[in-house]
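All remarks here apply to the structure that follows.
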Amino acid sequence: MSFLDLKNITKIYPNGTKAVHETSLSIDEGEFMVFVGPSGCGKSTLLRMVAGLEEITEGEITLDGNLINEVDPSERDIAMVFQNYALYPHMNVYNNLAYGLKNRGIDKQAIEQKVNDAAKLLQISDYLQRKPSMLSGGQRQRVAMGRAIVRNPKIFLFDEPLSNLDAKLRIQMRLEIKKLQQKVGVTSIFVTHDQTEAMTLADKLAVINNGVIEQLSTPIEIYNNPKSLFVAGFIGSPQMNFMEGELKNKTLSAEGFEIKNVKSDYNGEVTLGIRPEHLSQSDNGLINLTVDLVEQLGSDNLVYGQLKDKKDFCYRCPGNLTIKKGSKLSLNIDNDNYFIFDKSSGKRVN
Amino acid sequence: MTRLFTSSFSHIILFIGISIMVVPVWMIFASSTHTSSFIYSHGLQFFIGDSFHENYLRVLLYQGGFFKEITALKMFFNSFIMATGVALLSVFTSLMAAYALVYYRTKYATFLFWLIFVTILVPLELRIFPTYSVMAKLNLVNSYFGLIVPISASAIATLFFRQFYRTVPDELLESAKLDGANTWRFFIDFLVPLSKTMIIAMFIFMFVFGYNQYLWPLLVTSSEQYWTVVMGLKMMSGSIVHRFAFVMMSMVPPVLIIIILQKHFIKGVFQDK
Ligand SMILES: Nc1ncnc2c1ncn2[C@@H]1O[C@H](COP(=O)(O)OP(=O)(O)OP(=O)(O)O)[C@@H](O)[C@H]1O
Ligand SMILES: [Mg+2]
């Protein structure tokens, strides 16, 4: 049995919205789990059920061997960092960190020790006497983290904690959260809709869509081996290119080209997916692209253009290649790095 | 040039306004420091006389009423007890009522709230006889309890606290819960300190409300021992300067409360935001 176990969890809100469908998942001790998915897919709902802030309609959650379905959030020994931090506005930073400890009846000196340690770890020692309103966004974020760390809980929950920060600070805090989690070693669940955040933070990644976990694995496995059209489209930036086609007797025919000896016995209408980074230029390539726009990122160029049938297409090439607007490129797929999905169900078939 | 003109113009307006409010009060005060024969012969005075001590001491200690059982000092004491009692009790009950209405999400919370709200339309004066008969049956006529309790349920204060609680973000409650706070602790550690300024404002408001009561104390007290200041204004006999002195003194407690608490009130507003 793992540290945290969700068994067939379903959540139906009183107004009838079915936010989570029969979801099962388990998290090992010390693991960093990330829930990623589009807005409204039920990530927060799932997280809040773990925290005890939302009632569980059906299913069981066990933490450290104990069934916690009916345990009050105040007794679950779980800490959560909210999107807007939810710092206590009338308490200074010290008391924000100390409040949870006071409620557990820990004596004053031990509290002081713990708060000071946490403050040092997060570099907020200088602000301990300030009220939250006198802190910058990044500092508030650290205080929120500190409030979670100081209690040394069984699990950390994060609900999109970085989305209120500017781009640069996000990347910095992302790194710090990862480092901190490795240092403290606490089991964590992190919710985000940003796939880069998800890829960089996760030990394990759960891609959620419409209240169902579509795929649960390591980030790299999900990137290399997406199980469904949705996962393939959601993970990876820029997004995977998709084309309609037909698979018959191991031959895939799409608009303007054919791929032979496909490793699949499926016959029927399919969607072909190719990542922009899995292409290279060659004479007589499969795919002919008319360039509309080139984004130069320095290390890479993102080339946007259109195929014969006017479909948008993206190609990522090394930054040292010069590609002009309006030019025609001929591209080949690297090492059979393409994905084929059943068009109607979205399931991977190769 | 026009700027100077408009600013001095508005100052003149303000000055006139303030004068209209302050001058009568000042004249009552100035007149209350003369002897009554002087006032009778010379009319209201603008300058202070030399009978301040004599007049005010006599008013404070004079045994008034039909049975000569009550002094102004005792009336001040009664009024203070009543006003403080009303203020404390109504702030306390409204805080609790609003907490229940906002955080215990029963189906009927909105209905209950409107039921409380409707009581604004039924002031004490309308239901004064039933209220009196309840008090009489409970044997609470002529007691501080009887003076205070029937006017201490404030729908307005409940409304204010409820509206405030509804602006407190849910995450705060959730965060506090995860930090191990139960419902009671959340109330004490969060809602009370967060609504400190509102509590003080409501306290002032209800203190003045309690202090200004006239009809209810008149009805529920037959013993002179329980007379309040506002009743005394009507009941006290004596010469005109003594009445003036009494009027002046009757203004002191509410003004004092406002002055003392105003400081905290403003402090709270600027610190917490
Ligand atoms: N209290 C509620 N009552 C009814 N429906 C709700 C409630 N909270 C959320 N929902 C619905 O449940 C679904 C999942 O919501 P949830 O908040 O879990 O989404 P999310 O994945 O966290 O999205 P986001 O990335 O925008 O935060 C949504 O369709 C939402 O409308
Ligand atoms: Mg959410």
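Per chain, numbering begins at 1; letters A, B, ... match sequence-line order. As a basis for the values below, the full set of heavy atoms in this structure was taken, side chains included, without hydrogen atoms, waters or symmetry mates.
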When you compare the side chain of N182(B) with that of S74(A), does any pair of heavy atoms fall below 4.5 Å? no

Taking the side chain as C-beta and beyond, is there a heavy-atom pair between H90(A) and F190(B) under 4.5 Å? yes

Might you confirm whether atom [atom1] of [X] has over 12 heavy atoms from other residues, nucleotides or ligands at distances under 6.0 Å?
X       : atom1 : result
E125(B) : CD    : yes
Y103(B) : OH    : yes
Q172(A) : CD    : yes
Y214(B) : OH    : yes
Q163(B) : CD    : yes
K204(A) : NZ    : no
F76(B)  : CZ    : yes
F92(B)  : CZ    : no

For L87(A), is it the side chain, the backbone, both, or neither that has a heavy atom closer than 4.5 Å to a heavy atom of chain B? backbone

Does any backbone or side-chain atom of R151(A) lie under 4.5 Å from a heavy atom of chain B? Answer side chain, backbone, both or neither. side chain

Rounded to the nearest 0.5 Å, what's the gap from CG on N84(A) to CG on L172(B)? Could you check? 9.5 Å

Inter-residue atom distance M80(A).CE - K177(B).NZ, 0.5 Å rounding: 12.0 Å

Between D189(B) and Y88(A), do the side chains contain an N or O donor and an N or O acceptor separated by less than 3.5 Å? no

Do R147(A) and S175(B) have a side chain donor and acceptor closer than 3.5 Å? yes

Under a 4.0 Å N-O cut-off, is there an ion pair linking D179(B) with K102(A)? no

Taking every non-hydrogen atom, the tightest pair across A181(B) and N103(A): N-ND2, 3.6 Å

Take E174(B) and F82(A) through the test side chain to side chain contact (heavy atoms under 4.5 Å, CB included) and record every step on the way to the result. CA-CA 10 Å; E174(B) 294 174 345; F82(A) 292 83; 3.5 Å; yes

Winner by heavy-atom pair count (cut-off under 4.5 Å) against chain B, out of E75(A), M91(A), R48(A): R48(A)

